[in-house]
Amino acid sequence: MTKVTEGEISGGGQDVGKSNLDFPILAKGYVRQDSVNDFVASYSEGEFIALSGSKTEVVTLELSSKFVALDPFPYLVAYLECNASEPRPLDVLASQVNLEAIYDTCDVLEAQHLALEPAYTAVCSVSVPATRLVAVKRSPKLLPNGNLLLGSLNSYGFFTLMSKPAEYNRWSRLEELNVSVVLRDTLLPEQDISNITSFKKYQAFINRAWITMFAWLPDNSETNGHHILVLATASGSLWTLNLSADAKTILSHQEVCTSLGRICYIDAFKDLLLLGDINGLIHLYKFVPQEIPNFVLTKALWEKADRMGLQNALITECPVKNCYYITCSKASHVLTWCMPRSEEKQWLATRLYVGGMKITGLCSLGNNSFAVGSAGSHLHRIQIFHEDNQLRLQMQSIPMAVLQDFPVMGLCTSRHKNLMTMFVYRNKEFINQNVAQRKHMDIQVVKVRNEDALAQLISHLEVDKPINYHTDFLAELRLDVFVEANWQRYIDFSPLNSFTFSEPATETQLQQLQVKFHVLQSVLRLQTSLLQLTVHVKKSQDEMKLLLAMLSITHIRLRLQFIGTLSQRTTFQQQTTKCMFEESRRMMNKLKSDFSEEHPLGSTTKAFVEEIGKQLKVLHNNLGNPVIGDPLEKPLLRCSVSFVEISPSLDRRYCSICERSILFELENLQELYDLGRILTCPICHGSFAVEMLTA
Ligand SMILES: [Zn+2]
């Protein structure tokens with residue numbers, strides 16, 4: 001441990017010193033947010049972040065590895081502009097009762113409540129406060145047409161569903177289902193309005209229909225392709241709505257009444273649901289889908305009504321200790337509970353004073369460590385120590401110069417915790433600062449661990465998991481390649497002459513070639529963007545040409561090897577076999593004409609063509625010597641998995657990363673693989689996306 005100086009501990013109580021924590025900034029960007037006054041309620045899941053610090057628009061960020069060298073920011077930003085006058089579903093209820101009479105019978109406190117809470121009185125106010133976004137969260141499941149589904153909630157309890165294809169920059173509303181109206185008019189039992197004569201009764205009447213928070217339940221086998229939406233109301237009820245796959249109808253619903261007041265926080269993790277209300281209470285529920293009620297109270301974590309509603313919380317799972325860690329923030333304290341997964345063990349709890357005025361950002365850095373940012377410009381890493389039935393938190397500050405003028409407004413980490421995204425907001429007035437700048441929410445993407453992105457990508461890649469699951473490693477890799485000082489290292493990575501093709505093809509070799517593809521593609525992007533590097537472009541382009549042939553041939557060999565093991569072949573398998581042999585012949589001819597003996601890659605190409613010639617002959621023999629036609633010179637649109645010609649259609653299926661097209665009929669392509677295999681792009685290992693214009 002290093003010596004702690006006075007300056008370093010001034011922010012917090014138990015800081016163990018600065019040590020060697022270094023979180024270098026890899027990329028910067030900004031988005032517009034015009035309502036950051038209190039804090040930005042950001043929501044993140046895997047590669048996706050949604051912000052709700054704006055009165056006028058929904059802003060979301062999707063992590064991507066497709067950015068260019070001149071603007072290396074790894075997020076795609078998408079918007080939905082909100083209407084100036086969004087519907088207020090509670091007005092219908094308010095207009096049914098005699099508000100003036102209720103106001104006359106109020107005591108002072110109640111009158112104040114009525115006057116200050118716009119949801120109760122919007123119907124008779126002269127100027128109604130603008131709506132504010134309360135939460136924006138994405139459903140873990142896609143819609144049947146491949147689009148993302150997003151829900152948003154405003155301060156008047158109006159819930160909106162919206163969708164967009166991945167990587168588009170505009171959200172569009174789904175108008176079919178109005179959740180707030182269905183809850184108000186259909187799901188809630190009718191109430192006798194003549195009884196509502198006091199403020200308390202009026203409040204109860206409004207509260208039960210007022211949606212104050214929501215969450216989507218995680219995707220698991222029990223959800224059967226449905227989107228499960230949990231709504232929380234101002235009366236403390238939880239509504240579980242089972243939405244159809246297209247999110248147009250509610251298939252079933254269930255209500256659970258909790259002992260909480262107005263719920264202002266929900267976080268769903270596996271089958272756990274963490275709830276907080278505006279009185280400051282925190283309860284943990286467990287989701288039991290088959291039972292009624294489907295939410296069961298597991299533990300009341302915080303029972304003191306301190307009026308500090310929960311704003312940041314985090315649940316992680318520790319496989320070593322077989323427990324969950326639940327961390328919540330209260331002003332400038334963090335509270336951590338350890339929830340054992342086996343019945344015999346007991347719960348543990350601990351807390352830590354972080355310093356600063358208030359915790360504004362909380363994100364996980366691993367199973368038992370997390371980052372905390374506070375309004376007082378502090379950023380810390382906190383580690384959970386869990387030994388001998390004791391729980392303890394230890395804090396280290398993360399030095400970051402930028403935070404002096406820009407306090408943290410939100411923190412998110414990527415799926416593999418290699419990238420942390422910080423939202424910071426300028427806290428001082430500057431000369432020459434214009435209105436637009438005052439709405440800037442700056443974004444800084446920092447590297448969390450001192451580990452190599454390329455090595456991590458290689459070690460995490462799996463045959464059955466598309467590379468999209470590792471977008472954070474891909475994005476970090478590309479950011480690293482784009483640092484000009486590093487590019488030589490990446491040029492030298494895995495040279496093409498190091499691959500041999502004399503043995504039967506393996507999935508491992510295909511993956512190695514795919515990683516090489518990602519590295520070389522980033523190198524090419526850098527070389528074409530920087531004037532001083534353009535002299536190297538031709539060399540890399542030639543290398544790419546040969547690499548693509550190696551990738552396609554390795555894929556073809558793997559598929560032909562597989563088809564060769566089958567005793568009977570379907571029509572599609574026979575058709576594919578023919579197309580694959582034709583395609584390999586065409587590719588070999590092209591390589592021979594493109595790479596002469598004198599070419600720098602000449603000898604590598606020659607060795608490759610010779611080896612493959614031998615291997616293909618063996619495969620051809622094994623498959624009963626099918627007749628192969630002369631390959632057509634005219635390039636047709638071919639499926640990059642089966643090499644069968646694709647007929648033009650408005651619906652298409654394509655690789656979500658390199659955009660190569662494949663046959664729309666996925667069930668045919670599935671015949672080329674073992675049962676149940678998840679198909680990935682042969683070139684880049686990306687997942688396939690669909691575009692359906694009719695859906
Ligand atoms: Zn691809």
Side-chain angles (χ1 to χ4, degrees), residues 47 62-68 74 76 142 146 165-168 453-454 457-458 460-478 481 493-494 496 499 505-525 528 540-541 543-559 576 579-580 583-584 587 635-646 651-666 668-670 672-673 677-692:
E47 281 73 45
E62 283 164 87
L63 191 66
S64 156
S65 58
K66 292 185 183 172
F67 50 90
V68 292
L76 290 162
L142 298 178
E167 300 180 4
Y168 274 43
L454 181 57
L457 179 67
I458 293 169
H460 279 80
L461 212 54
E462 290 167 64
V463 173
D464 226 13
K465 215 166 234 172
I467 205 163
N468 308 58
Y469 191 76
H470 310 287
T471 305
D472 47 1
F473 289 140
L474 264 187
E476 192 192 334
L477 170 65
R478 183 165 277 205
V481 176
F493 168 74
S494 199
L496 293 185
F499 292 96
T506 60
E507 294 283 356
T508 316
Q509 187 174 49
L510 185 65
Q511 272 183 41
Q512 287 164 348
L513 288 163
Q514 285 164 343
V515 172
K516 170 75 182 171
F517 169 79
H518 284 285
V519 172
L520 188 57
Q521 202 193 34
S522 300
V523 167
L524 250 171
R525 289 275 156 85
T528 45
S540 300
Q541 278 171 342
E543 211 181 327
M544 183 59 100
K545 216 187 269 176
L546 180 57
L547 174 63
L548 288 176
M550 287 177 167
L551 274 161
S552 296
I553 290 286
T554 306
H555 160 71
I556 285 175
R557 292 175 65 205
L558 278 168
R559 293 332 346 131
T576 305
C579 290
M580 284 184 163
E583 179 68 15
S584 355
M587 271 192 279
L636 298 163
L637 181 59
R638 288 181 180 277
C639 163
S640 53
V641 170
S642 65
F643 298 97
V644 171
E645 192 185 335
I646 299 178
D651 298 342
R652 64 184 192 116
R653 201 181 288 274
Y654 61 98
C655 170
S656 59
I657 291 185
C658 71
E659 299 191 5
R660 283 178 171 78
S661 297
I662 61 163
L663 273 191
F664 194 78
E665 296 75 21
L666 205 57
N668 276 342
L669 296 179
Q670 212 81 49
L672 308 177
Y673 293 84
R677 165 83 180 260
I678 292 166
L679 262 50
T680 54
C681 171
I683 304 295
C684 74
H685 209 71
S687 63
F688 294 113
V690 278
E691 192 172 74
M692 288 162 80

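Just so you know, these numbers use all the heavy atoms, side chains as well, and skip hydrogens, waters and symmetry mates. Indexing begins at 1, ligand by ligand and atom by atom, following the structure's order.
With contacts defined as side-chain heavy-atom distances shorter than 4.5 Å, the pair F688/C681 qualifies. A heavy-atom distance below 4.5 Å is not found between the side chains of F499 and L547.
Summarising the local packing, CZ of F493 is surrounded by more than 12 heavy atoms from other residues, nucleotides or ligands at distances under 6.0 Å.
Because its NZ or CZ atom is not both nearer than 6.0 Å to the ring centre of Y654 and within 45° of the ring axis, R660 does not count as a cation-pi partner of that residue.
R525 meets the side chain to side chain contact (heavy atoms under 4.5 Å, CB included) test with R478, F482, Q521; sequence neighbours excluded.
With respect to K66 and E167, a salt bridge is recorded, a charged nitrogen being found less than 4.0 Å from a carboxylate O.
Neighbours of the Zn ion (ligand 1) restricted to protein N, O or S atoms under 2.8 Å: the count is 4.
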